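Each remark here refers to the structure printed beneath this line.
Because the structure is predicted, anything quoted here is derived from the model rather than measured.
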Amino acid sequence: MNELLSYSATHQARLIRERKISSEELIQAHLDQIARVNPAINAVVELLDPETARPGGRARTGASAPLFDAAGPLSGVPFSIKDSIEVAGTVCTAGTLGRRGAAPSTEDATLVARLRAAGALPIARTNLPDLLFAFESDNLLYGATNNPYDLTCTSGGSSGGEAALIASCGSPLGLGSDCAGSVRLPAAFCGIASIKPTSGRLPRTGHFPPAGGWIEALWQIGPMARYVEDLSTAMPLLIGTDGRDWSTVSMPLHDPRNVKPRELRVAFYTDNGIAAADAEVSQVVRAAATALAAEARVEEARPGCLESAYDLEMKLLGADGGDGLWQYLAELGSTQVHPLLRGWVEKLEAYRTDLAGFHRYWDEWDRYRVEMFAFLRDYDVILCPAYIHAALPHGTSTLDENFRGFSHTMAYNLTGWPAAVVRCGESAGGLPIAVQVVARPWREDVALAVAGWLEGAFGGWKAPMG
């Protein structure tokens, strides 16, 4: 493999600015790598036109200016995009049959446009579950994405194509989205880094399905990369209102380099009261806590209300028993759906309620957020599992004993807090194991600083064999 491909996006951009490599060389190296790895991992569903991803190319909107700004912080560096985020001139399918013949997008999603403005070049759209509803990236249009460390295992969902491609050096940086763990779980399964920013931090204009409805506060778009450094590079480029996503808040973004670990109060746990991490994951989380204890005050503790996280997320998603989702699929023309989506949505039936019951759900959610925030009177950071096991075998995510483990990420969709993941170890079988780093709202800098510190201590991403 070309050594360039293992570098961070930040470092690749630096080499281009210093004229040590050209963007053409870098783009071609990534396209060659995609051709080499994609037959095995099935992460890329569409290669974007290479001629529009090179200097002198023209944007898909028809602009006459070069496609990238040579002075941009990511000048000439490629990036990939989950197939639920619009790229001008391409069809955003969201992995569902009813979108197969949809009209091409007329403009980039806001965050795609912002990465372009920073000089980055979109080169690939990546796989995901049917309408994003699964913790495995498998659908009836494109099939399953495989984990690059073990092809018999899933890359996770819903941003599993992104995670698998980035881990395999087919892209240095990408965009995913997260309503129950969908940026963090694939990153954990594939051994890369990612962050779900604070709810309201980034505009979601150009995502499909679009923002809105009662789950508005549960999800965010987030960057994914092999290195925490690249998350820190990307976040300042992505923040800010766009005048279209009304939920976006213009809050200051602090610099992770200014965070001092010795001033942090850290809580950690391996059992959330719903699904305890297995021995391998627990060992990795405890090792991370022990390493951080050399720099910060670390205690084993968890919020008392955490054990309600799974049922509460399912209540908010399933108050109508999944009727709204089935209706939406029918309106799209998705008359057939993937079994993983069906298995996910059928779990919502148990949470069906009436208007009075929905009022109680909402009250429970409010009390949960109050109690969780009270926990932050004593702590600045929470270390915990991203999931209870390393990557799962294909087709097993909807088994109840596995599904409840996703509560470890759901817990922080419910609060809307920023949460990063970083690889800190591996299973006996060589699968990556990550630690989740949670911080106070609007303190992505703290989550990234701690994730970066752990990355330095434990090595972070490691290339798949083969």
*Closest approach of Gly222 and Val183, non-hydrogen atoms and distance?*
O-CG1, 3.9 Å
*asked:* Looking at Glu263, I want to see if its CD is surrounded by more than 12 non-hydrogen atoms of other residues, nucleotides or ligands under 6.0 Å.
replied: yes
*Nearest heavy-atom neighbours spanning Arg226 and Ser171*: NH1-O, 3.0 Å
_Residues forming a salt bridge (charged side-chain N to carboxylate O under 4.0 Å, His left out) with Glu444, sequence neighbours excluded_ = Arg201
*Kindly write out the residues that satisfy salt bridge (charged side-chain N to carboxylate O under 4.0 Å, His left out) with Glu25, not counting sequence neighbours, or none if the list is empty.*
none
*With a 3.5 Å cut-off and no angle check, do the side chains of Ser247 and Arg204 form a donor-acceptor pair?*
yes
_Measuring only between side-chain heavy atoms, which start at C-beta, is Glu46 closer than 4.5 Å to Thr90?_
yes
_Side chains of Lys82 and Ser159: any donor to acceptor distance under 3.5 Å?_
yes
*Name all residues meeting the salt bridge (charged side-chain N to carboxylate O under 4.0 Å, His left out) criterion together with Asp363; count only those two or more places apart in sequence or in a different chain, and write none if there are none.*
Arg367
*Taking the six-membered ring for Trp and the full ring for Phe, Tyr or His, determine whether the centres of Tyr387 and Phe135 are under 6.0 Å apart.*
no
*Is there a salt bridge (charged side-chain N to carboxylate O under 4.0 Å, His left out) between Glu313 and Arg404 once you walk through the steps?*
CA-CA 11 Å; Glu313 172 109 358; Arg404 296 180 70 83; over 6 Å; no
*Indicate whether the side chain of Thr145 and that of Asp138 have a donor and an acceptor atom separated by less than 3.5 Å.*
no
*Just wondering, more than 12 heavy atoms not from Glu216 lying within 6.0 Å of its CD?*
yes
*asked:* Does this structure show an ion pair linking Arg423 with Glu455, if we count only N-O contacts that are shorter than 4.0 Å?
replied: no
_Could you work out, with salt bridge (charged side-chain N to carboxylate O under 4.0 Å, His left out) as the rule, every residue matching Arg257, not counting sequence neighbours?_
Asp255
*Between the side chains of Asp445 and Asn258, does any donor sit under 3.5 Å from an acceptor?*
no
_Atom of Ala386, atom of Leu185 and distance for their closest heavy-atom approach_ = O-CD2, 3.4 Å
*So, Asn139 versus Asn127: side-chain donor-acceptor pair below 3.5 Å or not?*
yes
*asked:* Would Arg369 pass as a cation-pi partner of Trp365, given that its NZ or CZ must be under 6.0 Å from the six-membered ring centre and within 45 degrees of the axis?
replied: yes
*asked:* Under a 3.5 Å cutoff, is there a donor and acceptor pairing between the side chains of Ser80 and Glu162?
replied: yes
*asked:* Checking Arg265 against Asp378 for the salt bridge (charged side-chain N to carboxylate O under 4.0 Å, His left out) test, could you report, in this order, the C-alpha distance in whole Å, the side-chain angles of both residues, the deciding distance, and whether it holds?
replied: CA-CA 7 Å; Arg265 302 163 300 166; Asp378 298 317; 5.1 Å; no
*If you take all heavy atoms of Pro261 and Trp453, which pair is closest and at what distance?*
CG-CD1, 4.4 Å
*Looking only at heavy atoms, what is the nearest atom pair of Ala187 and Met224, with distance?*
N-CE, 4.3 Å
_Working to the nearest 0.5 angstrom, can you tell me the gap between Met410 CE and Asn413 CG?_
8.0 Å
_ring pair (Phe, Tyr, Trp, His ring centres under 6.0 Å) involving Tyr310 - partner list, sequence neighbours excluded_ = none
*Looking only at side chains, do Tyr379 and Glu299 share a donor and an acceptor under 3.5 Å apart?*
yes
*asked:* Under a 3.5 Å cutoff, is there a donor and acceptor pairing between the side chains of Ser75 and Arg17?
replied: no
*Without hydrogens or angle criteria, can the side chains of Thr205 and Asp245 be said to hold a donor-acceptor pair below 3.5 Å?*
no
_I need the minimum non-hydrogen distance between Leu237 and Ala118, along with the two atoms involved._
CD1-CB, 3.7 Å
*Is Glu307 close to Asn272 at the side-chain level, that is, under 4.5 Å between some pair of heavy atoms?*
no
*Will you find, in the side chains of Glu136 and Ser397, an N or O donor that is under 3.5 Å from an N or O acceptor?*
yes
*Mind checking what makes side chain to side chain contact (heavy atoms under 4.5 Å, CB included) contact with Ala391, not counting sequence neighbours?*
Asn147, Cys153, Phe189, Leu431
*With a 4.5 Å heavy-atom cut-off, do Phe208 and Leu132 have their side chains touching?*
no
*Please determine, by modelled atom types, if Ser177 and His207 share a side-chain donor-acceptor pair under 3.5 angstrom.*
yes
*Walk me through it: do Trp442 and His254 pass the test ring-ring contact (aromatic ring centres under 6.0 Å, His included)?*
CA-CA 9 Å; Trp442 311 112; His254 303 285; over 10 Å; no
